[in-house]
Each structure stands twice: as C-alpha cells, then as structure tokens.
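Both backbone and side-chain heavy atoms feed into the values below; hydrogens, waters and symmetry mates do not. Everything numeric here is computed off the predicted structure, so don't read it as measured data. For reference, positions follow the sequence shown, starting with 1.
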Amino acid sequence: MNWLSLSGRQWRSLGKFLGLFSLCCFLAISCASRQTTQPTGSPAASTNSDRIVLGTTAKVRTLDPADAYDIWAGNLLYNLGDRLYTYETRTTDLKPQLATALPQVSEDGLTYKIPLRQGVVFHDGTPFNAEAMAFSLRRFIENGGQPSFLLSDTVESVEATGENELTIKLKKPFAAFPNLLAFSGAVAVSPKAYEIGEGKFKPSTFVGTGPYKLAQYGTDSLKLDVFDQYWGEKPANQGVDIQSLSSPANLYNAFQTGAVDVAYQNLDLDQIQSLQQGAQRSGWQVIEGRGDGIYYLTLNLQDKPLDQVLVRQALAALVDRPLLQQRVFQGQVEPLYSLIPSSLDAYSPVFQKSYGDGDVAKVKELLAKAGYSKDKPLQLELWYRSNLTSNELVATTLKALAAQRLEGAMTIDLKSVESATAYQNLDKGAYPIFLLDWVPDFLDADNYIQPFLACAKGSEATGCQEGASKGQGSFYYSDRVNQLIDQERQEQDPQARQKIFAEIQNILVNDVPFIPLWQNKEYLFVQKGIEGARLEATQKVPFSSINK
C-alpha cells in the first residue's frame, strides 16, 4: 500500500501519527532557526580576489593519503593530487590521469601493465616516473594506515618495469582493480617528501602532482595555492581558502551573509530546504547530486524470528520508502531498492518489484504464512545509532507504520546505542536488526556487494563464521553468492559482469539478509556570480573549474 491508497480510517490514524511527528519537526526547525540567528565562529567576509572561499563543517584528521579514510579528506586529496585513473566529468567512466591508457591485463587477470605520463613534476620539483608511482603505492600498502587494506588485500607486488611503465601483480583476479586505483588515497606522492615505514605518516603536509599545492594547514582553515608547474589544465581561480565552521548553523549563516562563496557539507535538512527556497530570490545556485552512500537494515539471520525468510520478507514489504523520503528527509534522499545504488549501471530495483512500498496485503500474507497475526503478533527489535537524529526518526516511522497499518500483527521495539559501541558489537550478533549506512571506497558494483554478502568461512547450517556478512552483523551465507562474487571479480567483460550482478540481486531479494532503504543526496550552494561549480558523479567537488 502506498501513501495515496490509505483508507479513511488509516488516514485519520496515520494523520495522528504524522501530526505528532510534524510537531516534532516544527520544534526542531524552530530550534534550528533560532540557532541560525546567532552565528559564532563565522569566517571573515569573502574578498574581491580571484580566490574562492569554501565553507564546510567537515573536519580533516589527516591529509596523508596512506592514512586518510574520511570523505572530506578524500575530496581534498582529489584536488591536491593525481592518481593513475580518475573519472570523466559527471560520469562513472574511468579515464587515465597519470596513466596514459587503461591497463593491459594478462590472460589470467593477475598482471596489469600501465603506461605513465611524462613531463609531470611533484610540488617540490621532483620528477614523476614509474619508480615514484611504485613508491607511492607501496607506501600506501606498507605504512599500515586506515585504508591500506584496500590494496594490501589485493596487490601482490608493484614494480617499475621501465621509466614510464608500472607493473602491478594481484593476489587474485579483480576486474574492478582500475576503479580501485582511482581511490583518493592512491595518489602519487614525492619520494623526497615521504618515507615508507609502519606508521610513518605526515598528517599536515601534502606533496603530490595535482593542480593545487598545500600552502597552509590548520585545524580550522586550509589554504590551497595554484601549482604553476601543473602538467594539465590550469585552475580557473587563483587558489582556494577553506574554512571549517564549527556547526551547520554557522555554515548556514556564513553562506547567507556572503562570507563564503561555496557551502558544502554538512547543513541540516531544514537549512538545505531554506536555502533551496531562497535561491530564486537571492540568485544563489543550488547544485544537487545523487549520492553514493546507501542506508539499509541489516538483519541478523541467527536471531529468532529473523531466521525465517518469510519474516524478513514481511519486513521488506512493510518499508515505505517514499514516505521516509518525504516525511523524514523533506525529499533530500532517494528511495533505494537494491544494495547497488541507482547511479551504477548494475542497479536493479529488485525490492520495488518484489515488495513495493508499504504493501499491507503482502505483509499480512507473508506474516500469515510465517504463523503470525494480530492474535499472535510478530515482535521485532530494531536498533539505531543514538547520535544520528535522522536514524531515530526513521526507526520511529517504521515502528509507527507497523502499529498503524498492521492492526497489531507486528510490533517493533526500538533501541539505540552510540555508533562506536554498535560497530564493536555488530559481528558479535548483538543486534537483531540495525539501521546502518555504507560509503563506497570506489565506484563499482562489487563494492556494494562483496562487503555485504561475501563469506570466507561458514555454511548454510552455521551461517557466516568469518567474512564480510559477519562483519555487517547479518551472518548470511550462500554458496551460490560466494561463487558469483568470485566470477564477477574475474570477469573482464562488462556485460557478462552485469548479468552476474543481476543474479546476485535476485538472490538478495529472495533471501533478504539486508533491506535497502535510501541513498543520500549531496548539495553544493554557490553564491551569485560564481561560475563552474559542480558535483561529480563521485560526489567530489573539483575546485579548479570554479571562478568569479
């Protein structure tokens, strides 16, 4: 049943719920509005120079590419450095960057030969060559930073096999490996400025080959100057000054007063809506992009009654994504019907086809088959992260949906826990159902499938005892899915890989170890008179095209 097909009684019943919910939203918005009238810690007003002032609430822990693993640091490294591969503008199509062509792959899928660009220098004047690129990738692997597993799990060796040729050997075939080489941390860094060694990081410096060089690093501000010797297209501005604001309210006010030219991450829902509504009047630009982050429910298959597939399917049929989209997020997310987001070609909306949204008749049918009714209600326990307000609102909405639409046939008890504790206990089976999110390391369907469904050790009888699905708290095990993941990782033909991903998604929708909910959106707010700002398909913001 969707939002438009409710009966009169259900409208009144749901209206009561939404009335209370709207009151909560009104109070939240009112509080937020009061906060936005008292800015503190805002940056100085934008100057009239050709430098761009970008405001954000995101913080940087480190700029060392071998240890940086957060989204904002990845955005900065994207602008400061170059990788072997990057993406065509506004697409997820790979193109060479420091490489000059896509890799030549051996028949066994284990050896990648990559030709490299000539005439490139690092910010410290050191020439770039195959030895420097090999040094950079080895350092990423051997220094043991947070993202090091991305390459260390995959790469057997990295060698310079010529002045301008790199040869990488893999431990196992991995068709998405070129996409992994586009990861923000896989940038070239100067061998004169860095060392290889466990824990040898430089969090506050960066010496790479990108269009900007790091001129100043501070906890609240960064200064990026144009690199005059950049091999590629020169930036359209004279540099970028980044201000890290202490709160969304301060960022909101800094943009409204013109103190920053560009506002990016992380405004609150009501602040985004306010800026959207004021855009036409004020002349500022609202740039909206489909996000790559996904949100989902992970279901613990070792927990009763979730060990029954009919119960998991009934829960999948209950979820009403358009209702969440409008009532919780004010339209600032998109419904998601697979673990693979709609931004990738492999996406198939299998949950929409099989379960719809809030299909009460289907929920009751599945519950009846599983032995549950209003006389014998299904009782579930849903956990969410207590430090995320939106997660609480979603959990509350799902509980209300079950209460309002199923006449007592399903009850959902809500529990919350702080994020760090949740992550420590997920693989211990502590939570029956948990609301989580996932941000990919690289843009390939594999990165939305393998980290959820793969299991290195286990059986249909015991569930996953070691591997990705255990780490997600699902404990899902499927021989067929494991085989399919191995196949897609070896398959070099894109169309053949699509068929494999289609079969995996069909198994996913039948077995329901996870229920996809929504994928995020990203927003960029740009002052009137600023040109060239955009969000890439990867959600990166290229600084070099922005100009006044």
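Around the CG atom of Leu102, the shell of radius 6.0 Å holds more than 12 heavy atoms that belong to other residues, nucleotides or ligands.
With Asp67 contributing its side chain and Thr62 its backbone, the two residues share no donor-acceptor pair below 3.5 Å. A donor-acceptor pair under 3.5 Å is formed between the side chain of Asn143 and the backbone N or O of Lys200. Here the side chain of Glu418 pairs a donor or acceptor atom with the backbone of Ala420 at under 3.5 angstrom. In this structure a side-chain-to-backbone donor-acceptor pair under 3.5 Å is missing from Lys353 to Pro349.
Glu536 and Arg534 are joined by a salt bridge, as a carboxylate oxygen and a charged side-chain nitrogen come within less than 4.0 angstrom of each other. Looking at Lys202 and Asp64, no side-chain N of the basic residue comes within less than 4.0 Å of a carboxylate O on the acidic one, giving no salt bridge. Salt-bridge annotation for Lys499 and Glu491: absent, with no side-chain N of the basic residue lying under 4.0 Å from a carboxylate O of the acidic one. Between Arg497 and Asp444 there is a salt bridge, with a side-chain nitrogen of the basic residue lying less than 4.0 Å from a carboxylate oxygen of the acidic one. Look at Asp225 and Arg51 and you find a salt bridge, because one of the NZ, NE, NH1 or NH2 atoms lies within 4.0 Å of a carboxylate O, short of that distance. Ion pair Arg385/Asp437 flagged as a salt bridge, since at least one NZ, NE, NH1 or NH2 atom sits closer than 4.0 Å to an Asp/Glu carboxylate oxygen.
Under the ring-ring contact (aromatic ring centres under 6.0 Å, His included) rule, Tyr296 has a single partner from Phe452, Tyr337, Tyr448, Trp438, which is Phe452.
Neither side chain, Lys169 nor Ser157, offers a donor N or O lying under 3.5 Å from an acceptor on the other.
Contact detail for Ala537 and Thr92: the closest heavy-atom pair is CB-CG2, 4.0 Å.
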Requested in this report: Applying ring-ring contact (aromatic ring centres under 6.0 Å, His included), run through Trp231 and Phe128 and close with a yes or a no.
Outcome: CA-CA 11 Å; Trp231 59 270; Phe128 168 80; 9.3 Å; no

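Under the 30°/60° scheme for interplanar angles, the aromatic rings of Tyr355 and Phe351 are found to be tilted.
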